Amino acid sequence: MFYKLIRNRYLIYFICVSLTGGFFYAFPISLTQRIVDELSDGGSTTVFVYCTIGYMLCRGLGCLFDYLGAILSKHLSNRLLVDLRRSFLENLYRRAPQTVYSERFERIFSLFSSDIDTVAGGVSGPLLWFCSSVSLFLWSSTTLVVIRPELAAIYVAAAILIALNTVASGKRIKKNQLKTKKVEEKRISHAKLIIDQYMKLLIMNQDAAMIRMNSEIDREVTELSLRDTKIASQKTLLNDNIYYLSGALVWLLGGFLVLAGNMTVGEITAFISFAGLIISPIVRFSSQWVALQKMQVSLQRIKEFQNNADADWGDESAEGLCGALRFEKVNFSYSPDKPLIVDFSADFRADRVYCLAGANGSGKSTVFRLLTRLLDSYTGNIFYAGKNIRTFTKESLYGLIGYENEVPVIVNGTLYDNLIFSIPEADPSVVEELYVASGLSAMLGAPLDLAVESGEKQFSRGQMQLIGIVRMLLSGKKILIFDETFSGIADDAVARVMKLLREYCRVNFAIVIFVSHNKDHQNMAEETIFVDMER
């Protein structure tokens, strides 16, 4: 992620703009000294006019480059935010393919949006601050300014006080953020509980329960957020007062030095301008320090969630295994008095395409959730290559399974980025070949570098489903699951996809299972297995 960030063209542009803008802020310092001295000593009018014009031009160009820097920093921050969101989503996808589509994890993912925003701000803000500060320090060092030790000592003392106040405020804010973290963790645990209760039919209105829970926790979060704002405001007020008081003391002491003939008015004016360029990055870093403290807490929370492992996962690796998938007398119910799946047994042989059929509510999607262990409270056994899936580690089980739902996930980037989502090692030539063979190329009529925005409806449901299918064909996984993924695709396109899936099974010795209510699609499978309990 950091490597991609430092190669971002907006960062390179920002560095160039900062270096140029720093010059236009530092160069007028020497002009300021000359202008003031010309005025106080009754010097040449021509020199005064030229210096004043030069000063105005430099300040104007400095403001222009400031504006350009603000635009570039916005683009850079947005790009970083998009990359962070995608990275987090890809991590979820790798840990458990089905979690990208399950209601539980979609809700949980949305709860981490603010943390991702905080991390993006905590990275881009200090980085941009560093670039602009280096530029100011670099160009300020080239100015010919008379530096008096007694005056410099005042600003050094002010910088130390500002730094101490910033660190102390940062610690208070971090402590407050840790309290916020605990409250948000309560939100996540309560959300899981509500969803579980809804799935078990213990509550009838999931949305109402979520709203009540969120309103209570939002109140606590708001109180903590207001406390954060109060601490930050106090910190800013004190830092500003220190800065302005130090400036007043310098003017006072500088005035005595001018009266004593040890400095000119131009020299004291230039020194104050110079000191302002040096100390302003220190003052601005106070806000970046707070952002860093918040980022640290957010990173910790995201990392804990991503690395959270369930205690009942096995310790065997499924890597390298290849064989049949078998369900043996599997029973499952969301509610004890309403069994859903009863003594379900089925054999799925490798190198074949299967259709899982049944009436609405018969448990087809539930079978997939059992296989991926999103639902784990079942009796009976599920075997892959002769081994019980409960013995596999989470990472290795999901290394076997590719899962695509009715509405595949679309991410910001290009069409190519979406096809290789979570499969960065995909061969570009294979990607292009499948893009054409699947009929997606003819359907979209667009190049692979087509810009894609996840929030916009650029694609129809069928086009999104074909993107998801190509993504699965690139994955190389041993079990591909398509849950109503063909519902928006025309029959002739489905026939073309089935041909690709059969070829995939033969080459990878894999199992493909799809759910469809379309009889024509069911007939395209090499074998149909029914989950309908009435059969």
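In this text, all values refer to a predicted model and were calculated from it rather than measured experimentally.
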Flag, side chain of Arg390 to backbone of Gly314, donor-acceptor distance under 3.5 Å: no
Looking only at the side chains, is there a donor atom on one of Ser233 and Thr236 sitting less than 3.5 Å from an acceptor on the other? no
Test item: side-chain donor near acceptor, Asp417 and Thr414, under 3.5 Å: yes
Relative to the ring of Phe368, is the ring of Tyr403 parallel (under 30°), tilted (30 to 60°) or perpendicular (over 60°)? perpendicular
Straight-line distance of Ile268 CD1 to Trp251 CH2, nearest 0.5 Å: 6.5 Å
Expected output: side-chain Asn165 to main-chain Lys235 donor-acceptor under 3.5 Å: yes
With distance as the sole test, does Ser475 use its side chain to make a donor-acceptor pair with the main-chain N or O of Met472 at under 3.5 Å? yes
Taking salt bridge (Lys or Arg N to Asp or Glu O under 4.0 Å) as the test, write out the residues that go with Glu319, two or more places apart. none
For Lys179, enumerate each residue passing the side chain to side chain contact (heavy atoms under 4.5 Å, CB included) test, keeping only those at least two apart in sequence or located in another chain. Asn176, Leu224, Arg227
Walk me through whether Leu238 and Leu161 qualify under side-chain contact (heavy atoms from CB on, under 4.5 Å). CA-CA 10 Å; Leu238 183 55; Leu161 289 174; over 6 Å; no
For the backbone of Val470 and the side chain of Glu404, can you confirm whether one donor and one acceptor N or O come within less than 3.5 Å of each other? no
Give a yes or no on whether the backbone of Thr166 and the side-chain of Ser169 come within a donor-acceptor separation of less than 3.5 Å. no
Quick check against the 3.5 Å criterion: does Lys477 have a side-chain atom that pairs as donor or acceptor with the backbone of Ile401? yes
What residues, two or more places apart in sequence or in another chain, satisfy side chain to side chain contact (heavy atoms under 4.5 Å, CB included) together with Glu223? Arg219
